[in-house]
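Notes to accompany the following structure.
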Amino acid sequence: MSIAQPFEMSWTEEERYRLLVHAITDYAIYMLDTDGVVTTWNPGAQRLKGYRTRDIVGRNFSQFYSEEDRLRGEPQRALATAAREGRFESEGWRYRKSGERFWANGVIDPIRDKRGMLIGFAKVTRDMTERREAQLALERAREALFQAQKMEAVGQLSGGIAHDFNNLLMAISGSLELLGKRLPPDPRYATLLENARKGTERGAALTKRMLAFAEQQPVEPRSLDLQKMVEGMASLLQRSLGPMISISLDMPAGLDFVHADLNQLELALLNLAVNARDSMIEGGVLHIAARQVEHASADLRRTLPPGRYIRLVVRETGASPATSQPPLLASGPFFASKGAGQPSGIGLSMVHGIAEQAGGRLFLDSRQGQGTTAELWLPAVPRVAAASEALRLVPDPAARGAQPLTVLAVDDDSLVLTNTAAMLEDLGHRAIEATSGVEALAVLQRETAVDLVITDYAMPRMTGLQLATTISARWPNLPIIIATGYAEFGSGGASMHPVLSKPFLQRELADAISNAIESV
């Protein structure tokens, strides 16, 4: 009785190889003769490169390379290296039958007979386009993160410097103001004092810009004259752009005002200018213009409500790469109109946020060889309404009152503390000085007649806000003013107390005292 044996298909080694190669569709696997002519072609190669077997067998594999690579002899070098070293691997752009290019990883292995004679090559190609794009995206994200971390570190440093500088300006400006009252009337003295006063004002404006850059400046939107703002920044912009770039201003008089935060708007313009500078590697002209427009464009209706706008245009003449078709809303977190290797463009994202916060938009239009135009659209405020608002903001001197008070002044900086006390005494008040929160609490325990406390915010061990919280718990009816050169309050509890920004003038101190007393 015979036992049935299981059926076995008898395949030769060549048949097994052919079945294996034809079953693979994710890789292009084919063979070449010693001159690089294609002799076999698997389905994976047809899917990857687009050629059918009858279209490609018998033709040289060099047609998969770019013309530049062929002129440099890259296909021949690849075969020679494989024959000499036993293997050749490379990555680069290759082309499909349709002309579409893809990023390929290719491996060439020599095939030899039993005697060791070269009889051809085996070629395996993989499409690495998606992996390459993912890797590039990861590298861009890492670079963007590095830029963001660097900007954060610079911002923190700027905030710290601005805080210390504000304290110095506080001592200088206050002393100058008091000194001006005591000097005899003399034009020579008046000129020197005015120069010093203007110097402190410019220093204060500089620290405000630094604080805005560090995002440690409170947002205070108000009606602004864009023409005066831009013209006032011209010298700062020129220093930032360097000698190879000139500035052209076209700011017509009589424009309506815009409602925005001055420091943020200055920061937005500075960012646009610096971004333009990085695109004008060989120099050029930065054009800054403003126009009053009635919003009627169909393209803009999708992103801006109808109304009157001031259109601030910043145009550079660099040979920027084409980044978009107009109008482009630069809302990406790291959108940049600059080329590879340039800064990440995080400044444009900041400008976009500032524009949106003011109720406007940022649009970019970049064309090959023609530079980039940035348009900042901001809602317009009629000049009459802006003037009325300004009048409402001017305090009535009579409302300050002349009643003498006992004021506790708290500051860890002795220069600022001495200056504040001198201002208070010049206003007719009695000043008690304390250099820390602990010392201030001790003063309040023994002094029962303190009418008001003015404290610095950034003090070691006990901040001004912590001191204010403690005072409010023990003496709930005692008014408190927080003076700061750097408005970063964290939890926002400072909104319960009036805030006085350093450096402040004597009249600003008097207004703050009057408002604090009246609010109790």
Side-chain angles (χ1 to χ4, degrees), residues 8-140 142 321-322 339-341 368:
E8 288 188 7
M9 181 178 290
S10 178
W11 286 333
T12 65
E13 184 177 347
E14 182 178 351
E15 288 171 333
R16 288 193 178 95
Y17 166 77
R18 186 180 297 109
L19 286 170
L20 174 64
V21 169
H22 278 70
I24 297 173
T25 58
D26 291 336
Y27 294 78
I29 303 176
Y30 52 98
M31 296 182 67
L32 312 171
D33 66 13
T34 55
D35 295 324
V37 174
V38 179
T39 59
T40 67
W41 195 249
N42 82 323
Q46 179 175 326
R47 186 189 66 82
L48 185 64
K49 296 181 181 288
Y51 294 93
R52 292 174 297 181
T53 302
R54 64 174 179 269
D55 297 329
I56 195 63
V57 170
R59 300 172 66 177
N60 198 283
F61 86 117
S62 61
Q63 70 185 73
F64 304 140
Y65 287 74
S66 67
E67 183 177 356
E68 292 80 4
D69 287 344
R70 289 197 296 269
L71 291 174
R72 287 197 301 266
E74 289 296 322
Q76 293 78 13
R77 186 179 70 84
L79 295 181
T81 302
R84 182 178 65 253
E85 299 180 5
R87 178 184 175 86
F88 176 82
E89 183 173 2
S90 67
E91 288 195 5
W93 291 113
R94 299 293 180 263
Y95 289 83
R96 311 186 203 274
K97 182 180 180 181
S98 62
E100 177 190 4
R101 71 175 187 171
F102 66 100
W103 189 260
N105 170 268
V107 177
I108 302 177
D109 290 297
I111 301 175
R112 302 182 183 276
D113 61 15
K114 293 180 180 180
R115 295 173 297 172
M117 296 293 294
L118 181 69
I119 59 174
F121 299 91
K123 180 80 162 62
V124 179
T125 302
R126 290 185 295 167
D127 185 349
M128 308 295 288
T129 307
E130 290 186 4
R131 193 186 76 172
R132 180 175 183 269
E133 290 178 350
Q135 182 65 30
L136 291 175
L138 178 61
E139 291 175 3
R140 286 193 296 269
R142 286 174 176 168
Q368 182 70 38

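These figures come from a predicted structure and were not determined experimentally. The basis for the numbers below is simple: all heavy atoms, side chains too, and nothing from hydrogens, waters or symmetry mates.
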When rounded to the nearest 0.5 angstrom, what is the spacing between [atom1] in [X] and [atom2] in [Y]?
| X | Y | atom1 | atom2 | answer |
| --- | --- | --- | --- | --- |
| Thr125 | Asn105 | OG1 | CG | 8.0 Å |
| Asn42 | Arg47 | CG | CZ | 10.0 Å |
| Glu100 | Arg94 | CD | CZ | 15.0 Å |
| Gln63 | Ile56 | CD | CD1 | 3.5 Å |
| Ile111 | Ile108 | CD1 | CD1 | 11.0 Å |
| Thr39 | Leu32 | OG1 | CG | 6.5 Å |

Near [X] [atom1], under 6.0 Å, is it more than 12 heavy atoms from other residues, nucleotides or ligands?
| X | atom1 | value |
| --- | --- | --- |
| Arg96 | CZ | yes |
| Glu139 | CD | yes |
| Glu85 | CD | yes |
| Tyr27 | OH | no |

Given the ring of Phe64, does Lys49 sit roughly above its face, with NZ or CZ under 6.0 Å from the centre of the six-membered ring and within 45° of the axis?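 That pair qualifies as a cation-pi contact.
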Student check: side-chain heavy atoms of [X] and [Y] closer than 4.5 Å:
| X | Y | result |
| --- | --- | --- |
| Arg72 | Glu68 | yes |
| Arg77 | Phe88 | yes |
| Arg126 | Asp26 | no |

Looking at [Y], is its backbone amide N or carbonyl O close enough to the side chain of [X] to form a donor-acceptor pair, meaning the two atoms are under 3.5 Å apart?
| X | Y | value |
| --- | --- | --- |
| Asp35 | Val37 | no |
| Arg59 | Val38 | no |
| Arg70 | Tyr65 | yes |
| Thr40 | Met31 | yes |
| Asp69 | Glu74 | no |

Considering all heavy atoms, the nearest [X]-[Y] contact:
| X | Y | value |
| --- | --- | --- |
| Arg87 | Val107 | NH1-CG1, 3.3 Å |
| Phe61 | Leu79 | CE2-CD1, 3.8 Å |
| Pro110 | Gly86 | CD-O, 3.2 Å |
| Ser66 | Tyr95 | CB-CE1, 3.5 Å |

Does one side chain, of Gln46 or Trp41, offer a donor that lies under 3.5 Å from an acceptor on the other?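 No, no side-chain donor-acceptor contact under 3.5 Å.
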